[in-house]
Each structure stands twice: as C-alpha cells, then as structure tokens.
Amino acid sequence: MSFADLGLSPKLLEAIAAAGYETPTPIQKEAIPPALEGKDVLGIAQTGTGKTASFTLPMIERLSKGRAKARMPRSLVLAPTRELAAQVAENFEKYGVNHKLTMALLIGGVSFGDQDAKLTRGVDVLIATPGRLIDHFERGRLLLNGIEVMVVDEADRMLDMGFIPDIEKIFKLTPMTRQTLFFSATMPPEIQRITDQFLHQPVRIEVSKPATTADTITQNIVRVPSKDDKQKRAVLRELIGKEDVKNGIIFCNRKSTVDVVAKSLQKHGFNARPIHGDLAQSFRTETLDKFRNDDLQFLVASDVAARGLDIPAVSHVFNFDVPIHSDDYVHRIGRTGRAGRKGAALMLVTPADGKHLDSILKTIGAKEIEELDFSEFFEANPASERPDRKGGRDDKGGKSRSRRGERSSGDQPSRRKPKDAKEPANDQPAVEAQVEPEQDNDNQAEPKKQRDETRSSKRRRGGGDARSSRRREEAVVGLGDHVPAFLTRKVAR
DNA sequence: AAAAAAC
C-alpha cells in the first residue's frame with residue numbers, strides 16, 4: 001500500500017516523496033480516501049499516528065481547484081495551542097510545495113496586522129487557535145461563510161481548555177455545506193455531542209495508540225526523600241549526568257517550576273531553555289526551533305509541550321514532577337521513543353506523589369516502574385543538612401552575571417522548614433528569575449512575580465466566563481461606520 | 001496540586 005493507492009494527484013505524491021514518506025500510516029490509509037470524496041471524517045487518534053497529514057493531504061487536493069476571495073478563506077483548521085497550529089502550517093508548506101495555496105496562521109502573541117494583511121489578500125487555508133480567530137472575526141476582518149473544509153484538531157484537548165463554546169460558535173459561522181474533519185484522542189460526552197451536532201454521517205476511524213509504553217520506552221523512577229525542589233534539582237542534574245542524553249524534555253507541573261529548573265540548569269552549564277504559556281510567543285517559537293535543530297539540548301516544559309508537538313527523536317523525557325493526571329504522563333513520555341526509536345523516561349517521585357504514581361501505574365498497566373538506586377547520592381547529599389550548594393553553583397555560573405550576591409540567602413533550603421515548603425517554587429523564581437541569560441525580549445525583563453500576578457488576575461477578570469463570551473457574541477467591535485447588516489445578524493442554522 | 005488561550 002502506497003500513497004499513490006489513496007487517490008492523490010501526482011503533484012501531491014511528488015511532495016510526499018520529497019518529504020521522505022513512502023507508506024501511509026493506518027489513519028492516513030483510512031481517512032484520506034473518504035476525505036477526498038468530500039465525506040465528513042471523525043478520527044479518533046492521538047498524535048504520532050500521522051494524523052496531521054491525514055487531513056492536510058486531502059485538503060490540498062480539494063483546494064487545488066478554485067481561488068480564495070479577500071477575507072473569505074476556503075478552509076479552516078482549528079488547533080488548541082499556538083505551537084500546534086504552527087505545526088499544521090508547516091505541514092501545509094511541506095506537502096503544498098507544488099501547489100500555489102495561500103495560507104494564514106492566526107494565533108495569539110504575534111502581530112495582528114500581518115495576519116490581517118494576508119486575510120485581505122485572500123487565503124485558501126486558514127490555521128488558527130480559537131481566541132485569535134474570533135478576535136479577527138469580531139473586528140469584521142474575516143468572513144467564514146466561504147469555508148469549504150473545516151478541521152478541528154485535538155478536540156478533547158480543546159474541551160480541557162474550555163474552547164468548546166468557541167468551537168460551537170465557529171461551527172455556526174461556517175456554511176452547513178462544509179466538509180468537516182474532526183479529530184480527538186478520546187470521545188467524552190461533550191465531544192460526542194459536538195460531533196453529533198456538526199458532522200454529517202461521518203466516516204468514523206479509530207486507530208490504536210502509537211506504541212507508547214512498554215515497546216520502545218524504558219521507564220524508570222527515582223525516589224526523592226524530600227519534596228524540596230532544590231534537592232530535586234540536584235537529583236535531576238545527577239540523573240542527567242548518569243544518562244547518555246542526546247536531548248531531553250524536562251516536564252514540570254507548574255510554570256514557575258519550569259522557570260526555576262531552566263535557570264538552575266543554565267547556571268550549572270547545561271544547554272537548557274524554558275517553554276510555557278507565560279513566555280513571549282517569539283521566545284517559545286525560538287526555543288522550539290532551537291530544540292528541533294539540535295541547538296538546544298534540554299527543553300524544560302510545562303504541559304504546553306506534552307501533547308501534539310512534533311519533536312522527533314527525543315532521547316529522554318524527565319518528569320521533574322509527577323503529573324497530576326495519569327493521561328499527562330502518557331502524553332509526556334510519548335515525546336520519546338517515537339517512530340520505533342528507543343527512548344528513556346525518568347521520573348522523580350517524592351513521598352507526597354504516591355497517589356498520582358499509583359494512578360499512573362494503573363493507566364500504563366504496570367505493577368511498578370523500576371526504581372533507580374540513588375541511595376549513595378542521598379547519603380552524600382542529605383536534603384536537610386546539605387551545605388548550601390550555592391558555592392558549587394558559582395564556580396560554574398560565569399554566565400549569570402548580575403546581582404547574585406544580594407539574594408544569596410533566599411536560596412537556602414535551611415531557611416524554610418519542611419512544613420512551609422508548600423509552595424517551594426514560589427519564592428524561588430524571584431530569586432533566580434532576574435538572572436535571565438541571553439534573552440532580550442521585554443516580557444523577560446519584567447520582574448517575574450509581578451508579571452505572573454498581572455496575568456492571572458487578568459485571566460480571572462477577563463477569561464472565558466460565560467458572561468464575557470456572551471457579550472462577545474452580541475457586541476460588534478471595531479467595525480467603524482460600515483457594518484454590513486449580515487454581520488450583525490446571528491447566523492441561523 | 002496545573003496548564004492552555006485574545007487585545
């Protein structure tokens with residue numbers, strides 16, 4: 001079975017071959033033919049299954065005939081995160097090399113004007129995260145009634161993120177005659193309801209999970225006696241030193257922990273950068289690019305990077321924190337051992353993590369994960385009375401130029417009693433955050449703590465609560481004097 | 001116990 005058997009055109013087959021693919025994956029085999037016929041597709045599949053190409057290829061085929069009008073895109077792909085949207089765009093570029101398709105990527109955190117200019121010129125493919133798409137729409141810069149194909153990617157994740165009302169709204173703005181390709185890793189009731197409502201006799205395709213746990217990934221844990229993050233960071237360094245790490249992702253549960261761990265690794269001379277949703281988009285993009293190009297060895301990440309991102313050939317995944325939901329564990333370690341390669345997943349487990357570890361073991365269907373013996377390390381470095389490691393840090397920390405001295409006391413574990421180690425990460429970012437190495441974007445320059453507070457209070461006020469989204473639906477914003485009547489009218493379906 | 005996403 002080859003791509004040629006799926007009914008794709010020579011132009012497209014050439015691009016696929018040029019990209020180095022020969023055999024379609026199961027979901028591609030099953031989804032592409034009905035999609036080419038114009039049928040709706042409901043794909044139940046995770047990332048790593050070749051899902052993206054299963055919708056980009058038939059879309060390119062379909063869009064190769066016809067031309068886009070200004071502000072009326074012909075197709076729309078919705079993705080939950082900016083990175084994922086950008087990845088879909090790359091996919092279109094890769095497979096669309098022989099087609100003259102125009103494309104716009106509407107995501108937050110980047111300039112509005114460039115996106116708008118593209119919309120004005122007319123695009124065949126619009127790829128977006130829901131927030132920015134609706135923003136454009138409400139400014140009257142975008143019409144969705146020319147949509148021929150609409151794709152919803154990672155729908156269950158959209159549900160987790162509270163995007164479902166937005167998705168429904170967007171569905172209602174597109175013509176009923178559209179073709180819908182809908183993908184979700186799981187089918188919770190809310191998602192089922194959406195597909196019942198908006199898909200027309202879809203071809204349902206379910207592919208099994210990509211080989212995750214047992215097959216290609218070696219999983220281990222390290223028991224850490226203290227839940228002091230400082231000790232965990234020391235263990236992490238020790239662990240990295242013992243492993244033959246080509247490149248690795250280090251997952252933390254909190255954004256603040258991501259910052260601290262990244263800074264700490266940098267100070268110890270590791271090539272590491274943080275990625276999470278509070279960092280400037282330019283920095284996120286740059287970091288991922290570096291990681292993909294092997295210019296970066298360690299990506300310290302929140303769960304923004306746990307799902308969906310296509311980062312090939314990661315040799316190691318480190319779970320600095322035990323994920324709260326066992327699903328997240330599966331997604332995190334799924335970043336390694338991809339495409340049949342070998343991978344290692346290592347996790348730091350403190351006594352407080354027992355419950356979550358149990359649920360992870362249950363989920364992956366294992367009685368236990370083999371434990372690495374770190375007793376010698378802990379004997380040499382007991383958490384409570386370990387001498388301040390600052391000295392050890394300083395001799396490697398030539399990069400961290402400023403103000404280290406004035407806050408030395410803040411970083412001493414002895415200052416804190418185990419009881420109030422409740423928010424271990426909380427006071428430490430303030431300590432380390434300003435030593436930001438080679439970053440020059442303005443977000444980074446602000447004192448971090450304040451930045452976080454501003455953002456979270458903004459979110460609380462503005463965030464997607466029902467009232468504000470209703471307001472959003474009713475108000476027509478930014479259209480000036482010329483508001484076409486059909487735009488102020490609700491679209492009946 | 002979190003994270004993600006719009007100015």
Side-chain angles (χ1 to χ4, degrees), chain A residues 78-86 105-116 127-142 152-167 169-170 227 229 232 249 251-261 274-281 284 300-309 319-329 331-332 349-357 359-360 421-426 443 452 454-456 458-465 468-469 471-473 475 477-478:
Chain A
L78 289 170
T81 66
R82 300 170 185 174
E83 275 77 11
L84 208 51
L105 179 62
L106 305 190
I107 58 174
V110 294
S111 147
F112 201 92
D114 298 352
Q115 298 175 354
D116 188 56
I127 302 154
T129 45
R132 185 56 77 94
L133 180 91
I134 287 174
D135 200 353
H136 277 277
F137 183 82
E138 290 186 343
R139 294 177 191 219
R141 314 302 295 174
L142 169 66
V152 179
D153 198 8
E154 307 249 335
D156 51 349
R157 196 161 176 217
M158 301 239 197
L159 174 69
D160 290 345
M161 292 167 66
F163 281 155
I164 292 302
D166 286 344
I167 299 301
K169 181 178 171 181
I170 295 165
K227 65 173 189 174
D229 272 9
K232 286 172 76 177
I249 308 181
F251 283 106
C252 310
N253 286 358
R254 294 178 190 77
K255 290 180 276 198
S256 54
T257 315
V258 168
D259 285 329
V260 178
V261 171
I275 188 164
H276 61 67
D278 278 358
L279 294 168
Q281 186 56 42
R284 285 162 64 171
V300 188
S302 69
D303 281 314
V304 68
R307 306 189 195 198
L309 287 191
N319 279 299
F320 185 82
D321 294 312
V322 176
I324 295 162
H325 297 298
S326 56
D327 285 0
D328 287 330
Y329 178 80
H331 285 292
R332 287 179 181 187
V349 180
T350 70
D353 295 324
K355 226 172 50 188
H356 294 130
L357 180 63
S359 84
I360 287 168
K422 234 166 62 190
E423 2 82 298
N426 225 2
N443 263 354
D452 278 352
T454 319
R455 289 195 180 224
S456 57
K458 214 188 264 172
R459 206 175 298 146
R460 267 196 299 279
R461 279 199 310 274
D465 63 280
S468 81
S469 66
R471 217 184 307 126
R472 198 165 62 193
E473 238 169 296
V477 183

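FYI, side chains are in, hydrogens and waters are out, and symmetry mates aren't considered; it's all heavy atoms of this structure. Here is how names work: the chains are called A, B, and so on, in the same order as the sequence lines, proteins then strands, and each is numbered from 1.
Atom OG1 of A/T129 and atom CG of A/L106 lie 8.0 Å apart (nearest 0.5 Å). Here A/K169 contributes atom NZ and A/I164 contributes atom CD1; the two are 14.5 Å apart, rounded to the nearest 0.5 Å.
OP1 or OP2 of B/dA4 lies within a sub-4.0 Å distance of a side-chain N or O belonging to A/S302. For A/K355 and B/dA1, the shortest distance from a side-chain N or O to OP1 or OP2 is not below 4.0 Å. Listed pair A/R157 / B/dA5 fails the phosphate criterion, with no side-chain N or O lying under 4.0 Å from OP1 or OP2. One finds no side-chain N or O of A/R332 lying less than 4.0 angstrom from the OP1 or OP2 phosphate oxygen of B/dA2.
Here B/dA2 presents its C1' atom at 9 Å from CG of A/D328, a figure rounded to the nearest Å. With rounding to whole Å, A/K169 atom NZ is found 19 Å from B/dA5 atom P. Spacing between atom CG of A/D327 and atom C1' of B/dA3 amounts to 14 Å, rounded to whole angstrom units. Taking atom CZ of A/R141 as the reference point, atom P of B/dA6 lies 19 Å away to the nearest angstrom. Distance CG (A/L105) to P (B/dA6): 10 Å, rounded to an integer number of Å. For the pair A/E154 CD and B/dA3 C1', the computed distance is 14 Å after rounding to whole Å. Going from atom CG of A/L78 over to atom P of B/dA6 covers 11 Å, rounded to whole Å. When the P atom of B/dA3 is taken as reference, atom NE2 of A/H331 falls 17 Å away, rounded to whole Å.
Within 4.0 Å of A/F163, counting heavy atoms only, lies at least one base atom of the nucleic acid.
The cationic group of A/R139 lies under 6.0 Å from the six-membered ring centre of A/F112 and within 45° of the ring axis, placing it in a cation-pi geometry.
Using a cut-off of 4.0 Å between Lys/Arg side-chain N and Asp/Glu carboxylate O, A/R254 and A/D321 are scored as not salt-bridged.
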**Asked** Under the side-chain contact (heavy atoms from CB on, under 4.5 Å) criterion, do A/I134 and A/D166 qualify, and how do the steps go?
**Response** CA-CA 8 Å; A/I134 287 174; A/D166 286 344; 3.5 Å; yes
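Distance from the side chain of A/E83 is smallest to B/dA5 among B/dA1, B/dA5, B/dA3. Nearest to the side chain of A/I324, among B/dA3, B/dA6, B/dA1, sits B/dA1. When the nucleotides B/dA6, B/dA1, B/dA4 are ranked by their closest atom to the side chain of A/R82, B/dA6 comes out on top. In this structure, of B/dA1, B/dA2, B/dA4, it is B/dA1 that holds the atom nearest to the side chain of A/H356. Comparing B/dA2, B/dA4, B/dA6 against the side chain of A/R284 picks out B/dA4 as the nearest.
Side-chain atoms of A/H276 stay outside donor-acceptor range of the base of B/dA3, with no qualifying N/O pair under 3.5 Å.
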